[in-house]
Engineer: 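One structure, as structure tokens, below. Some questions next.
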2 protein chains.
Amino acid sequence: MVSTRRRDVIEAAGRLFAERGYHGTSMRDLGRELGLLGSSLYSHVESKQDLLVEVVEEGARLFEESAAGALATTGAAVDRLRALIDGHVGVILDNLDVARTFLNEARVLDPGHRARVLGARDHYEEAFRSVIRQGVEEGSFRSDTDPKTVTILLLSMLNAIERWYHPHGPLGRGDLVERILELTLRGIL
Amino acid sequence: MVSTRRRDVIEAAGRLFAERGYHGTSMRDLGRELGLLGSSLYSHVESKQDLLVEVVEEGARLFEESAAGALATTGAAVDRLRALIDGHVGVILDNLDVARTFLNEARVLDPGHRARVLGARDHYEEAFRSVIRQGVEEGSFRSDTDPKTVTILLLSMLNAIERWYHPHGPLGRGDLVERILELTLRGIL
DNA sequence: CCTACCGATCGGTAGG
DNA sequence: CCTACCGATCGGTAGG
């Protein structure tokens, strides 16, 4: 059983790590966020690093689950690619702080945890590569498409959403998915 | 006249800020990098913030000059867009530390400098939007192209290069420009 | 969860 | 550019 209070601490940590970065957040900052002293946090967590591990691993899990769900669908590559994109956008928009910490602060992890996260990230990217390969084999995607490069470029667009998207802006969530899919599929020519 | 030593300090600061972030770099770390004590740095710079300002403003200047050069060309929108993309890739690959610090650490700037950098960034993006608008007006780009969204997505791909590109990897610099241009123009369908 | 700390490190300064 | 510092803040602990 994980206490509610511990969950609260991890959630607030994700918020501050996302906003100011790991090194820009002190345990006293985090305590203030929760209405207690920095030293009191050690009743709930072992260390500051421990908090980062919890947040980043949650991010890794969310993305992994999203990819697994999308890959479980059968159908044309375009539809499976849409499912992957839709899932990725969903994870970011529904878990903004966790996603931002996962994307920007994983490098601060100790070597062991960092290696694990990099492995998970590579496994996640493989989901995109495999669906793009499927499209090429089906003949629905251009035959000179390089799955590796396209995956990196597509994920570049998806991951950057964290940096500019405003939930109350002109672009709805569904629009966003369609714009990215359309640019990737048809281009602007 | 700016002393060579001051240039050295700023350059080393860019390297460490890019690698570990502003808050992850101490003045003593920076001194060690240059073979002197942290306190000795204050003969060359006023403060740690001052160093960040220098690096980020240099980044802003490099991008701005690149855009100005690309906009100075006349011709079809496709060619001008290629010039913009080529310039952006060039700035990142030739000034990796400065570009990374500009892209990731500008948020740490004091409000005044941060506002200036955000303004410069918006002006830079306007170069992309205007060329895309030109393409739509020419009829060479799809009429339902939204310059604003396409610019953000394109710059997402370009800015992320800093995160994954290896100069000695399989993808040459020219290849990289062509892949991004091709995906943006034609898509993979 | 607070009180009362700890040693280490932070950005920065005075004086040479 | 170093010596010798400064006060402030850091992550973390013992004991209640």
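Note that this is a predicted model, so its numbers are computed, not measured. Numbers restart at 1 for each chain; the letters A, B, ... are given by sequence-line order, proteins then strands. Just so you know, these numbers use all the heavy atoms, side chains as well, and skip hydrogens, waters and symmetry mates.
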Engineer: Between B:Arg15 and B:Glu11, does any NZ, NE, NH1 or NH2 come within less than 4.0 Å of an OD or OE carboxylate oxygen?
Structural biologist: yes

Engineer: Tell me: CZ of A:Arg20 to C1' of D:dC10, nearest whole Å?
Structural biologist: 15 Å

Engineer: What integer distance in Å separates B:Leu37:CG from C:dG11:C1'?
Structural biologist: 14 Å

Engineer: What is the separation between atom CZ on A:Arg32 and atom P on D:dG11, rounded to the nearest whole Å?
Structural biologist: 11 Å

Engineer: Starting from P on D:dG12, measure out to NZ on A:Lys48 and report it in whole angstrom.
Structural biologist: 8 Å

Engineer: Quick one: is B:Ser40 getting a side-chain N or O under 4.0 Å of the D:dC2 phosphate, OP1 or OP2?
Structural biologist: yes

Engineer: Reckon B:Ser26 has a side-chain N or O less than 4.0 Å from the OP1 or OP2 of C:dT9?
Structural biologist: no

Engineer: What nucleic acid atoms does B:Ser43 come within less than 4.0 Å of, heavy atoms only: base, sugar-phosphate, or nothing?
Structural biologist: base

Engineer: Where is the tightest heavy-atom contact between A:Ser130 and A:Leu71, given as atom of each residue plus distance?
Structural biologist: OG-CD2, 4.3 Å

Engineer: For a quick check of understanding: with a heavy-atom distance under 4.0 Å over all strands, which category does B:His23 fall into, base, sugar-phosphate or nothing?
Structural biologist: nothing

Engineer: Does a side-chain N or O of A:Tyr42 approach OP1 or OP2 of D:dG12 to a distance below 4.0 Å, or not?
Structural biologist: yes

Engineer: A:Leu41 has an atom CG; how far is it from atom C1' of C:dC2, in whole Å?
Structural biologist: 12 Å

Engineer: Between B:Arg82 and B:Glu178, is there a side-chain N and carboxylate O pair less than 4.0 Å apart?
Structural biologist: yes

Engineer: How many whole angstroms separate atom CG of B:Leu36 from atom P of D:dT3?
Structural biologist: 12 Å

Engineer: Tell me: CG of A:Leu16 to P of D:dG11, nearest whole Å?
Structural biologist: 12 Å

Engineer: Could you check A:Asp29 against A:Glu46 and say which one's nearest nucleotide on DNA chain D is further toward the 5' end?
Structural biologist: A:Asp29

Engineer: Which heavy-atom pair separates A:Val98 from A:Val55 by the least distance, and what is that distance?
Structural biologist: CG1-O, 3.7 Å

Engineer: Hunt down the Watson-Crick or G-U wobble partner of D:dG15, both distances under 3.5 Å, from any strand shown, or write none.
Structural biologist: C:dC2

Engineer: Could you say whether A:Arg28 or B:Met27 is positioned toward the 5' end of DNA chain C, judged by the nucleotide with the nearest heavy atom to each?
Structural biologist: A:Arg28

Engineer: What does B:Ser47 touch in the nucleic acid at a heavy-atom separation under 4.0 angstrom: a base, only the sugar-phosphate, or nothing?
Structural biologist: sugar-phosphate

Engineer: Inspect the contact between B:Glu125 and B:Arg129 and indicate whether a charged nitrogen and a carboxylate oxygen are less than 4.0 angstrom apart.
Structural biologist: yes

Engineer: Please report the distance, rounded to the nearest Å, between CG in B:Asp8 and C1' in D:dC1.
Structural biologist: 14 Å

